[in-house]
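When a ligand or atom number is given, it counts from 1 through the structure's own listing order.
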Amino acid sequence: MVIVSKLKKVFPDGTVALDGISLKVEEGQFTVLLGPSGAGKTTLLRSINGLVKPSNGDVTVDGIKVIDENYRKIRTLVGMVFQHFNLVGNLSVIKNVLSGSLGTHQKWWSNLFLFPKSYRIRALDLLDRVGLLDKAYNRADELSGGEQQRVGIARAMMQEPKVLLADEPVASVDPTNSSNILSLLRDLCKEKKVTVLCCLHQVDLALQFSDRIIGFTNGKLIFNDKTSNLNRDSLRQIYDETSVEGMFFGSDMKTPDISHIQWKE
Ligand SMILES: Nc1ncnc2c1ncn2[C@@H]1O[C@H](COP(=O)(O)OP(=O)(O)O)[C@@H](O)[C@H]1O
Ligand SMILES: [Mg+2]
């Protein structure tokens with residue numbers, strides 16, 4: 001479980017990225033963070049894995065407070081999936097996945113077979129789960145964007161995290177693959193009871209895959225409820241627009257296109 005309490009982050013230049021956020025994310029839930037660019041989504045995720053130090057308030061993960069002294073422990077509990085995948089391009093796919101296993105020793109990198117057999121089997125099993133077993137020995141940079149993100153997911157799962165943070169995991173992926181990737185991420189996390197916090201720009205994908213939506217603007221919480229309770233008005237508040245509907249949406253646009261969404265009346 002992730003507990004965020006009165007979290008405030010003011011950057012040295014005076015920018016208030018988070019303005020007293022309190023929330024709880026239940027174990028095993030798939031939560032999507034929505035909000036316009038600059039809302040504070042990335043800062044919130046980085047506060048959960050300890051990369052951003054709060055100005056006020058605190059975060060606990062699985063009962064462990066996110067502070068410097070607990071950094072190693074937090075690293076073992078919290079996995080990451082990145083927008084730009086962050087794979088090592090000139091290494092094989094399987095080595096990239098193995099790099100997710102904690103406690104791997106530097107010397108192992110020279111030879112795949114120095115990794116314990118149980119690790120290699122687990123990495124191959126994860127690659128099978130993400131549909132890339134046949135590419136295990138390809139160089140990572142030979143893969144398409146969608147495939148690289150599936151490797152990124154396998155690498156994160158290799159760590160066996162309790163909590164997985166995903167910052168715009170499909171923003172650099174062909175839109176036709178976005179849904180498959182989120183579906184895979186959701187299935188794997190449900191299966192392994194991993195709690196997910198995922199920032200997305202696409203409201204339709206958030207509605208499709210999340211259990212809960214947390215929406216915020218200017219570092220303030222606007223919406224925090226079951227996904228089925230998100231309606232047009234809450235979305236308008238999140239995106240701070242008088243008319244959310246019918247607007248074009250691209251990954252860098254402020255407002256998503258929700259014109260095709262069927263709302264419950
Ligand atoms: N290292 C930093 N120094 C100063 N301001 C920052 C820094 N990181 C983020 N910000 C600012 O904090 C606010 C929230 O940013 P961010 O968390 O990246 O938002 P989002 O991910 O929702 O787009 C923005 O105004 C951004 O410019
Ligand atoms: Mg961001």
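- Protein heavy atom at the shortest distance from atom 15 (O) of ligand 1 is Thr43 OG1, 3.8 Å.
- Checking atom 3 (N) of ligand 1 against the protein gives a heavy-atom contact under 4.0 Å.
- Using a 4.0 Å cut-off to heavy atoms of Ser37, the atoms of ligand 1 that qualify are 23 (O).
- When only non-hydrogen protein atoms are considered, atom 13 (C) of ligand 1 lies nearest to Gly38 O, 3.7 Å.
- Ser234 and Asn231 share a donor-acceptor pair across their side chains, judged by distance under 3.5 Å alone.
- Among all protein heavy atoms, the one lying closest to atom 27 (O) of ligand 1 is Thr15 CG2, 4.8 Å.
- Placement of Val52 and Val66 in two distinct hydrophobic clusters is found when ILVMFWY residues are connected by side-chain heavy-atom separations under 4.5 Å, directly or transitively.
- Linking ILVMFWY residues whenever their side-chain heavy atoms come closer than 4.5 Å, directly or via other members, places Leu133 and Ile153 in the same cluster.
- The pair Arg122-Glu160 meets the salt-bridge criterion, since a charged nitrogen lies less than 4.0 angstrom from a carboxylate oxygen.
- The nearest protein atom to atom 12 (O) of ligand 1, hydrogens excluded, is given as Ala17 CB, 3.4 Å; this is a heavy-atom distance.
- Donor-acceptor pairing under 3.5 Å is recorded for the side chains of Thr227 and Ser210.
- Distance from atom 19 (O) of ligand 1 to its nearest protein heavy atom, with residue and atom name: Gly40 N, 3.2 Å.
- With 2.8 Å as the limit, Ser37 does not count as an N, O or S neighbour of the Mg ion (ligand 2).
- In Asp13, the part holding a heavy atom less than 4.0 Å from any atom of ligand 1 is the side chain.
- Under 4.0 angstrom from ligand 1, there are no non-hydrogen atoms of Cys199.
- Contacts between Thr42 and ligand 1 below 4.0 angstrom, taking non-hydrogen atoms only, involve backbone and side chain alike.
- Using 4.0 Å as the threshold, Pro36 has a heavy atom nearer than that to some atom of ligand 1.
- When hydrogens are left out, the protein atom nearest atom 6 (C) of ligand 1 is Phe11 CD1, 3.3 Å; that is the closest non-hydrogen contact.
- Electrostatic pairing of Asp58 and Lys65 counts as a salt bridge here, judged by a charged N lying under 4.0 Å from a carboxylate O.
- A salt bridge links Asp19 with Lys8: the distance from a Lys NZ or Arg NE/NH1/NH2 to an Asp or Glu carboxylate oxygen falls below 4.0 Å.
- A salt bridge links Asp211 with Lys190: the closest approach of a Lys/Arg side-chain nitrogen to an acidic carboxylate oxygen falls below 4.0 angstrom.
- For ligand 1 and Ala39, the ligand atoms under 4.0 Å from any heavy atom of the residue are 19 (O), 20 (P), 22 (O).
- Side-chain atoms of Arg212 and Asn224 form a donor-acceptor pair, as typed in the model, at a separation below 3.5 Å.
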